[in-house]
Protein chains: 2
Amino acid sequence: MAPRAIRIRAAQVQSACASCSLQELCLPAGLNEDDLGRFDSLINRSRQVKRGDYLYRIAGPLQSLYAVRSGFLKSSMLVDDRRKQVAGFHMMGDLLGVGAIGTGKHQCDAAALEDSDVCEIPFQGLEDLSRDVPALQRQFNRLMSREIVRDHGVMLLLGMCAEERLAVFLVNLSQRYSACGDSGTQLNLRMTRDEIGSYLGLKFETISRELSRMQKKGLIRVKGKNIEIEDPKRLRELFGEHTNR
Amino acid sequence: MAPRAIRIRAAQVQSACASCSLQELCLPAGLNEDDLGRFDSLINRSRQVKRGDYLYRIAGPLQSLYAVRSGFLKSSMLVDDRRKQVAGFHMMGDLLGVGAIGTGKHQCDAAALEDSDVCEIPFQGLEDLSRDVPALQRQFNRLMSREIVRDHGVMLLLGMCAEERLAVFLVNLSQRYSACGDSGTQLNLRMTRDEIGSYLGLKFETISRELSRMQKKGLIRVKGKNIEIEDPKRLRELFGEHTNR
DNA sequence: CGAAATATTGAAGTTATTCAACTGGAGTGG
DNA sequence: CCACTCCAGTTGAATAACTTCAATATTTCG
């Protein structure tokens, strides 16, 4: 696409962040030109992660935070040093690694579900620069806070039945895809039913069944990993219809 | 207790934070004497919250963060503007309100389950002071990160059965009570079975039944809101014994 | 003290899981 | 190019786990 090429050209002459389409969502949001340049020289741009490779591993030392530029990743945790559970799915604009700040060690594995491109932000450098650039600090705080709120959203799944959980998942994914410029109705799932199940606290057979049920209801159309949302409104109304709990 | 009285005396002559027993866990951890004084003059110490009263409400503007000095609180969210769900329980040393930083509006209700005493920390002032005091900023980042990790822990509940969830809950509570200097074996629950259930994604009858089952197994001893942990080791081993999911 | 809230327990009902058989599609090698 | 294999996904039937409804007991608090 032409616009993309132009942006990349611009990046080379001045600031890579200034040219990045993630700018408004990402850490340097609200920085002036000068500070943006300083932030830019801090980061190692564009680390490639091949599908199946790890960006970082549990217990590994926190070196950098990572902003996803393109691709799709999952993070996962160990429940009792045995079972693995998916903790989240990440795409363009997401910031990874913040869970490691408290202890200095990563609490999750982060693996690419498709070839991905991330922006590596050395954490020490970020902390140092934040000191001089209040706007950067504020944006960092905001992003951390948003992560907390997002996690609270996952908590709400505990009070929901399978159908509701899956509806929440699909609606959320749809919104995030839209925000990235992808289609919000033609969802190209990058994860398996098993990974969805792990994330939602359900078995993969249940995911499969619920998808079929939603299709029968005319809410979605399932073609393997491709899911078309046919009735977004009714899908959204799905959570909230049960008065349980 | 004598040491406590002495600490309070010291507070009056120099810095309240310097005298606070939460100091190592709280925001000013690692600050030198001078910075501690500046932090101290920032905060409105000791706001009382009566049992049943709210510290803040959903959608209310973020004015301050709150560090719990004593007492016990819960935070809760609305699932679909109708059902309420408990998002967490808070005690001495916990920092409340960080979820509001992203949007400037509180995402949770925070209500006292018993008469509580919190330390009010004006957020704007905290941000300003953080700029000048790197150690404060770092500690703040660490606390935010820890909150994220704690929330990730709640995520793991999704993959657990009722017995495991309750075991996790009790062990966690025990550890936090211990850290506060309370008994880690004589748990004085401040919340109802219904609130535990809401937090864990279970019905209150299930909580009641599982507590009874654990008692029959000799793991705990239930006397209403007072729960004695009889076999901490086996209780901890409870999560991890099922190979599901 | 006494009303109201909270907790316990049983029985029946519902939801999600388990086990198992089968389908379909992607990738590999003959 | 086709056959084969492997992995992901679907679906059915039986089972297990949790919830619902209901009756009763206990605690809390004004």
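A, B, ... follow the sequence lines: proteins, then strands. Residue 1 opens every chain.
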Q. Could you go step by step and tell me if A:Gln186 and A:Asn226 meet the side-chain hydrogen bond (donor to acceptor under 3.5 Å, both in side chains) rule?
A. CA-CA 7 Å; A:Gln186 284 288 140; A:Asn226 223 293; 3.3 Å; yes

Q: Enter the inter-axis angle for the ends of the helix from C:dC1-D:dG30 to C:dG30-D:dC1 (five pairs per end, rounded to 10°).
A: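 Its terminal axes enclose an angle near 50°.
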
Q. So B:Leu219 and B:Glu230, side chain to side chain contact (heavy atoms under 4.5 Å, CB included) or not? Walk me through it.
A. CA-CA 5 Å; B:Leu219 298 171; B:Glu230 287 194 314; over 6 Å; no

Q: Just grab all the side chain to side chain donor-acceptor pair (under 3.5 Å) pairs involving residues 95-108 of chain B, residues at least two apart or on different chains.
A: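 Listed once each, the pairs are B:Thr103-B:Gln107.
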
Q: Among residues two or more places apart or on two chains, list those pairs meeting side chain to side chain donor-acceptor pair (under 3.5 Å) that have a residue in residues 168-184 of chain A.
A: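 Qualifying pairs: A:Asp94-A:Arg176, A:Ser183-A:Thr185.
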
Measure [atom1]/[X] against [atom2]/[N] and give the value in whole Å, please.
X: B:Arg165; N: D:dT19; atom1: CZ; atom2: C1'; answer: 13 Å
X: A:Met160; N: D:dT19; atom1: CE; atom2: C1'; answer: 18 Å
X: A:Asn226; N: C:dA26; atom1: CG; atom2: P; answer: 12 Å
X: B:Lys203; N: C:dA12; atom1: NZ; atom2: C1'; answer: 17 Å
X: A:Glu195; N: D:dC7; atom1: CD; atom2: C1'; answer: 13 Å
X: B:Leu158; N: C:dT17; atom1: CG; atom2: P; answer: 11 Å
X: B:Leu189; N: C:dT6; atom1: CG; atom2: C1'; answer: 13 Å
X: B:Glu210; N: D:dC18; atom1: CD; atom2: P; answer: 6 Å

Q | Step-by-step side chain to side chain contact (heavy atoms under 4.5 Å, CB included) determination, A:Val68 to A:Leu73 | A | CA-CA 9 Å; A:Val68 182; A:Leu73 303 95; 3.8 Å; yes

Q.
Looking at B:Arg165 and B:Met160, would you say the former's side chain and the latter's main chain have a donor-acceptor pair under 3.5 Å?
A.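 Here the side-chain-to-backbone pair exists.
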
Q) Quick one: salt bridge (Lys or Arg N to Asp or Glu O under 4.0 Å) partners of B:Arg234, sequence neighbours excluded? A)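 Partners of B:Arg234 by the salt bridge (Lys or Arg N to Asp or Glu O under 4.0 Å) criterion, ordered by chain and then number, come out as B:Asp231.
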
Contacts under 3.5 Å, N or O only, protein and nucleotides 7-10 of chain C:
from	atom 1	to	atom 2	distance (Å)
C:dA7	OP1	B:Lys225	NZ	2.7
C:dA7	OP2	B:Arg193	N	2.8
C:dT8	OP1	B:Arg193	NH2	3.1
C:dT8	OP2	B:Arg193	NE	2.7
C:dT8	OP2	B:Ser208	OG	2.5
C:dT8	O5'	B:Ser208	OG	2.9
C:dT9	OP2	B:Ser212	OG	2.5
C:dG10	N7	B:Arg209	NH1	3.0
C:dG10	O6	B:Arg209	NH2	3.3

Q: Answer with base, sugar-phosphate or nothing: what part of the nucleic acid does B:Arg51 contact at a heavy-atom distance below 4.0 Å?
A: sugar-phosphate

Which side-chain N or O atoms in residues 60-67 of chain B pair as donor and acceptor under 3.5 Å with protein atoms at least two apart or in another chain?
from	atom 1	to	atom 2	distance (Å)
B:Ser64	OG	B:Glu120	OE2	3.1
B:Tyr66	OH	B:Arg47	NH1	3.3

Q: Please report the C-alpha distance between A:Val79 and A:Lys84 in whole Å, then the side-chain angles of each, then the deciding distance to 0.1 Å, and finally whether the side chain to side chain contact (heavy atoms under 4.5 Å, CB included) criterion is met.
A: CA-CA 6 Å; A:Val79 181; A:Lys84 249 192 168 188; over 6 Å; no

